[in-house]
Amino acid sequence: ASAQFQLAVPVALVFAPGSVPGDLPRPLPFRDVQEMELSVNLRTTVTSRYETIYRSTTAQEEAALGAATAREADAALHLLQDTSLGSLTVYVVPETSSLLPQGISVYVGKHRSALVRAGGGLAALRPRLQQLTQVMSFTASSITAALSDRVPDGQLGPDARRHLKSSLGYEITFSLLNPDPKSHTVEWDIEEAVNRYVQPVLDKLSLVANFSVDSQILYYAVLGVTPRFDKESSSFLLSTHSLPHVINPVEARLGSSAASLYPVLNFLLYVPERSHSPLYIQDKDGAPVSTNAFHSPRWGGIMVYNVEAPSSPQASLPLHVEVDMVRVMEVFLAQLRLLFGLSREELPPEFLLERPGNEGLADWELDRLLWAHTVENIATVSTTLTSLAQLLDKIGNIVIKDDVASEVYRAVASAQTAMAELATGHLHSAFQASKEAVTSSERAFFDPSLLHLLYFPDDQKFAIYIPLFLPMAVPILLSLAKIVRETRQRKKEPTKMD
Amino acid sequence: VCTSRFWFNYRHVANTLSVYRSVKRLGIPDSHIVLMLADDMACNPRNPKPATVFSHKNMELNVYGDDVEVDYRSYEVTVENFLRVLTGRIPPSTPRSKRLLSDDRSNILIYMTGHGGNGFLKFQDSEEITNVELADAFEQMWQKRRYNELLFIIDTCQGASMYERFYSPNIMALASSQVGEDSLSHQPDLGIGVHLMDRYTFYVLEFLEEIHPASQTNMNDLFQVCPKSLCVSTPGHRTDLFQRDPQNVLITDFFGSVRKVEITTETISLDRDLAGFESKIPKDELATEPLKYAEQLPVAQIIHQKPKQKDWHPPGGFILGLWALIIMVFFKTYGIKHMKHIF
């Protein structure tokens, strides 16, 4: 199905005193629109419009920019801005400003604003601004990844199907694997850790989807792979190419099939056996991984938690182990971010990103997710409804129930609303509309009454009824013929007789 | 999917269970397998060794074992349920284990065995699925991107006819015999009294025994399995819809499960002690009375209910017209005087 997406991003570019470049086309304040087109395939194009307002700082903003560090400035500015989803504010500070440390020319805050160092005039500023706005909203690759089922095969990069698909909800399961309960009694205060560290992140993500969390402890669950003993470091190593085989034997015991119909994300904490401690994961170059964890796209992550050997060999087994939940949650939440596609690695060195702290993700990262998911949702709705229409064309005598029809209408209306809202830059309402559209279209497409088997094709009808009725019809038709002949004869006879 | 029932179709159940075992051995968990069997072999009164299903008389391998998870058993193996699983049009009350929850990155392996003919496959002696319906189901799966690549293996007579009509991309198909040929069974077991396996599946399984989760064997080797000298029928395959070269497709892409993994190199930093954090006290739950199960169901009402009257519909136009025609012709032909003998 063809789709023309128009994504409008409202940007405010605010110049602090002393940073106004000399080569502005018009005096401040003014408004400018930049459009970029990306064509995904023959029938799908994405046009991004950056509606930029150029203005100078207000007195309050100037005062906020007078703070000592960029972080404080960001916090102060946050209170003064328009913080609707999808909008960005970029503050340009003078080249000599001390807010940005040496060597850093762009600082991206926790919310939806950034600080950029002026210098070189507007022409030099523009490419940096473009890169910044793309990082904080969406890039060509993130949109293409969202529309991955429309991209012609062969053009997709390896990143294409890595991130979690947009869904109405996700189920997160934390599992503690203790293969050696005789040596270790492991306790983890998962409830406290979830309430303290995981819940704030999920609350922030609650706009994107519903999350439910559960946890379990599995005993005698071993990894499917035997680690090698490395004499130099006197530790056990799991090499990178044996990692893919670790997950499957464990998966059978995870019980993820009993949970809801939403995609399940599994986070496993593995405490190695006494005989295999300490256990480290090796990366491609042979060095042990600092986090001692790995993850699998669209599935979840595994972290290995090593327990110190007992100080004296006579220490009584089992050892009591109290898991340091903060260390564990730091890794799991990082993996959760990576599973959703929020990575911070591919930025040039002159960019400084503020750490999101306990919230887990910055506001602009949430925006990135929402842009990608909204586009993905609308594309899915369009494909689903088109294919439903094709199905109904092909099998002419399917009966559409009233509620299926109303779901289809609702899906179309919501998708149109979502497209309109995207074109005007209202990300929040666009996302909500796209969610409704997806729910309705899925319900319509997967309605159990639309099974094509239940509607017999015409050639099968003939094949069944002809052998049944043809023999029976033979005497009837012959008798009919006889009657017709007799009637005709009788009509002729009177004329003959007279 | 095993589409047959009854004792003399023992070999179809053994085929399916053996493939199920191989696939589990190579790493696919039960939560990712939908197994449809009539399941009437192990506890069949004619089974001399109850609770077992053997696949080879020399190996005496009991493929039934004690961790077989059958998702659709006995009379639930119908064409309708099969198509519902494939297309996803399942009633909302269906449990997760009976659903195919695949997405656009899933590689699906479909193995079907039973009795078939030119263009159809017989389900449990009472209905059939045609190759057109199967092709349409696959197309619907493709439209919703319910698979990345699909491998379809069929071991029935004239099996190649079942894959003739496929038209969706990324499907590779293998069949045990061409149109006009019968697939033959391997060997009878004198103790059990029936044939234990079909030839094609037997040789495929021998081939799979050598595959382990990290093996690099590709699909071309699978196409060579069971040449005419051993199999008597000519196995066929179809790869024109498949985008990759079969040479580059690993067996474990479909039969095993090798996941992509990435090393986690990023961490986030959490504040260990949040100032002003209070551990959330769960909201006071309203004390509810414990529900007793027996009270939920209005049993007294149900057992005393009279059976619902089925509404009576007058006969439809077609039947009426047919009878009117018959009666009219009869009396016209043989004369009206017969009327009084009837009424």
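Keep in mind that this is a model prediction, so the values were computed, not measured. Note: hydrogens, waters and symmetry copies are ignored here, and every other heavy atom, side chains too, is used.
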Exercise for the section: Hey, can you tell me if F267(A) and F332(A) have their rings parallel, tilted or perpendicular (30° and 60° cut-offs)? Expected result: tilted
Exercise for the section: For K98(B), enumerate each residue passing the side chain to side chain donor-acceptor pair (under 3.5 Å) test, keeping only those at least two apart in sequence or located in another chain. Expected result: E76(B)
Handout entry: Interchain contact, M472(A) with chain B, by part (heavy-atom threshold 4.5 Å)
Key = side chain
Fill in the blank from the handout: Here the gap from R146(B) atom CZ to I108(B) atom CD1, rounded to the nearest 0.5 Å, amounts to 7.0 Å
Completion exercise
Bottom line for F445(A): the part with an atom under 4.5 Å from chain B's heavy atoms is both
Problem - chain B contact via E486(A) - side chain, backbone, both or neither, heavy atoms under 4.5 Å - result: neither
Exercise for the section: Please determine, by modelled atom types, if H295(A) and E262(B) share a side-chain donor-acceptor pair under 3.5 angstrom. Expected result: yes
Handout entry: Those residues that, when tested against F120(B), pass ring-ring contact (aromatic ring centres under 6.0 Å, His included) (two or more places apart)
Key = none
Handout entry: K284(A), part contacting chain B, at a heavy-atom distance under 4.5 Å
Key = neither
Completion exercise
Answer key: most heavy-atom pairs under 4.5 Å with chain A among L325(B), I28(B), V261(B), D103(B) is V261(B)
Exercise for the section: Using non-hydrogen atoms and a 4.5 Å limit, figure out which bit of L322(B) sits close to chain A: side chain, backbone, both or neither. Expected result: side chain
Handout entry: Part of I263(B) lying under 4.5 Å from any heavy atom of chain A
Key = both
Practice task
Drop me the distance from D189(A)'s CG to D324(A)'s CG, to the nearest 0.5 angstrom.
Solution key: 12.0 Å
Practice task
Evaluate the ring planes of F123(B) and F82(B), with Trp represented by its six-membered ring, and classify them as parallel (under 30°), tilted (30 to 60°) or perpendicular (over 60°).
Solution key: tilted
Practice task
Go through the atoms of H245(A) and report whether side chain, backbone, both or neither lie under 4.5 Å from a heavy atom of chain B.
Solution key: side chain
Handout entry: Top contributor to chain A contacts, counting heavy-atom pairs under 4.5 Å, from K144(B), H32(B), K24(B), E139(B)
Key = K144(B)
Practice task
Against chain A, work out which of P213(B), P95(B), P169(B) has the most heavy-atom pairs shorter than 4.5 Å and name it.
Solution key: P213(B)
Completion exercise
Applying a strict 4.5 Å limit to non-hydrogen atoms, the region of I247(A) in contact with chain B is side chain
Handout entry: Face-on cation placement of R145(B) at W142(B) ring, 6.0 Å and 45° thresholds
Key = yes
Problem - Part of E191(A) lying under 4.5 Å from any heavy atom of chain B - result: neither
